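All values derive from a computational prediction rather than experimental measurement. Remember, it's 1-based here, ligands and their atoms both numbered in the order they're listed.
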Amino acid sequence: MEHFEINGGKKIKGEISVNGAKNAALKILPALILSDEKCRITNFPFVEDTQRMAEILEDLGAVSEKNVEQKIITVDPGGISKTKLDDILVRKLRASILLAGPILAKFGEVTMKHPGGCVIGKRPIDMFLDGFEKLGAKITFDEGGFFMKAEGGKLKGAKIFFPKITVTGTETMMMTAVLAEGKTVLENCAMEPEIPVLAEYLNKCGAKIKGAGTSTIEIEGVEKISGGEFRVIPDRIEAGTFVMMGLLTGSNIKITDCVPSHLGAVIPILEKAGAELEIGEDYIITKESRMKARSIDTHEFPGFATDLQSPYTLLMTQAEGQSLIHETIYEGRLFFTDQLNTMGANIIMCDPHRVVVTGPTKLYGKKLVSPDIRAGITMILAGMIAEGKTTIENIYQIDRGYEKIEERLKGLGVDMKRITVA
Ligand code: EPZ
């Protein structure tokens, strides 16, 4: 078992670069199934979640070459022969649902267990199943999973309106429609930056997608597409988290290799709350700032990203005044605040979607357990500003989304180590 130990109360300094985005890499891996040809992916984040996804592809018959140092993975989907996804791996990764679409579109059928949920919410897949049915799939359910078959062996284009904005739902239907017969129109789509980048790659390979990045996407089905090269965009959630790390520790740090505009509403809201930031084309510099309480509602892009809600909630424990954090996307993403309260934070839960934070209060090191990726990284930041030692367990959750995080933070002077207990 592994855990992190952090000695807090230190300022940090220097530069930290942002890795490729987990939530972009987890989309190109399923997308490459649509072709028989190789896909070379650069700026690839070798985090636990992307490695689980690659393992599912290898289990289906794909061959991959990995160069962790160079951040490159090359995957050859030509050998894929199975259409049943590995039950155990699927349970480890909610994002495995993304694989169902391309396999169904390419091979006419797919079998998988319901993907694992996580503590942040029930994570239903009803909008995926509705979409597949509209594209002509017949779905049968058994033993906690489902089997889908394209009627007549081939999917047919259709109109799909998402009753609720869904990121992976939009991406999955967009990929699936690439090989469907005729035209598909997707409405009320998510507009996250990862979506137009994925469409651009697929179009380079011969797909016909229009409108990705807007709320309406049109796809004209094609017979087949080629392979190609894909560069993973910088991780906007890592960038936002590192900005909050600089503000929390009152430090001047430079966050490099990021795309500030991909942070949407986060930067203007931080500046309104008193943050002093220098924004460059591909960097952000934080300066010592006197933070004032400012309430937020999480929202789909370009609104305030739910994946940055946890570090922002921590930041508000150190800001002057009272703020309301309204988590609109997930019903289970605020329970980690109990653990912050054991450190000395003053957070009151109103209901599963709302907490009231009163600050500033001093934090003291404690033993914590990371419930999910984003609450986990927030616990590291809490340990950095707390007096004394903090230990964090269940750090697989942090490794799911952040590559070698302790080494990268040590580069800024963070007193942190990964402890392995036999
Ligand atoms: C993506 O999840 C991200 N994951 C999440 O990041 C992120 O929190 C989320 O988008 C929102 O930005 C990946 O890209 C792999 P949704 P996704 O479908 O697509 C409900 C992280 O920390 N819904 O946009 O699964 C759902 O329950 C992760 O990196 C249905 O009701 O999220 C939620 O309330 C966590 N039925 C809402 O929609 C469905 O069929 C939005 O979820 C699908 C979704």
d(Ser96 OG, Ile56 CD1) to nearest 0.5 Å is 5.0 Å
Atom 4 (N) of ligand 1: closest protein heavy atom, distance to 0.1 Å, is Asn23 ND2, 3.8 Å
Numbered in order shown, the ligand 1 atoms found under 4.0 Å of a heavy atom of Arg333 are 8 (O), 22 (O), 35 (C)
**Message:** Can you confirm whether the side chains of Thr306 and Glu327 place a donor and an acceptor under 3.5 Å from each other?
**Reply:** yes
field: Pi-cation contact, Tyr283 with Lys254 (under 6.0 Å, within 45°)
entry: yes
Within the 4.0 Å heavy-atom cut-off, what Arg94 brings close to ligand 1 is side chain
(message) Check this for me: does any side-chain nitrogen of one of Glu109 and Lys149 sit under 4.0 Å from a carboxylate oxygen of the other?
(response) yes
Hey, are Thr358 and Gln322 close enough side-chain-wise for a donor-acceptor pair under 3.5 Å?
yes
Rounded to the nearest 0.5 angstrom, the CG-NZ distance for Leu57 and Lys82 is 11.5 Å
So the atoms of ligand 1 within less than 4.0 Å of a heavy atom of Ile120 turn out to be 35 (C)
Discussion item. Tell me whether Asp49 reaches ligand 1 (any heavy atom closer than 4.0 angstrom to a ligand atom).
Written reply: no
For Ile165, the atoms of ligand 1 under 4.0 Å from one of its heavy atoms are 24 (O), 41 (C)
Checklist entry - Between the side chains of Tyr312 and Arg294, is a donor N or O closer than 3.5 angstrom to an acceptor N or O? => result no
Check for me whether Pro124 has a heavy atom closer than 4.0 Å to any atom of ligand 1.
yes
Any heavy atom of Tyr330 under 4.0 Å from ligand 1? The part involved is side chain
In this structure, atom 29 (O) of ligand 1 is nearest to the protein heavy atom Arg374 NH2, 2.7 Å
Taken in chain and number order and not counting sequence neighbours, the residues that satisfy side chain to side chain contact (heavy atoms under 4.5 Å, CB included) with Asp257 are Ser17
Note: Lys164, heavy atoms under 4.0 Å from ligand 1, region reported as side chain
Check: of Thr166, Ile97, Ile237, Thr306, min heavy-atom distance to atom 18 (O) of ligand 1 comes from Thr166
For atom 17 (P) of ligand 1, the closest protein heavy atom turns out to be Thr168 OG1, 3.4 Å
Counting heavy atoms under 4.0 Å, the part of Gln397 that contacts ligand 1 is neither
The answer for which part of Lys22 has a heavy atom under 4.0 Å from ligand 1 is side chain
Among Val167, Thr170, Ile125, closest by heavy atom to atom 24 (O) of ligand 1 is Val167
Checking Lys71 against Asn19: is there a side-chain donor and acceptor pair closer than 3.5 Å?
yes
Worksheet item: Distance only, no hydrogens: is a donor on one side chain within 3.5 Å (strictly under) of an acceptor on the other, for Ser295 and Ser323?
Response: no
Evaluate the ring planes of Phe44 and Phe46, with Trp represented by its six-membered ring, and classify them as parallel (under 30°), tilted (30 to 60°) or perpendicular (over 60°).
perpendicular
If you compare Lys27, Glu194, Gln309, His299 by their heavy atoms, the one closest to atom 14 (O) of ligand 1 turns out to be Lys27
Review point. Can you check whether a protein heavy atom sits less than 4.0 angstrom from atom 21 (C) of ligand 1?
Key: yes
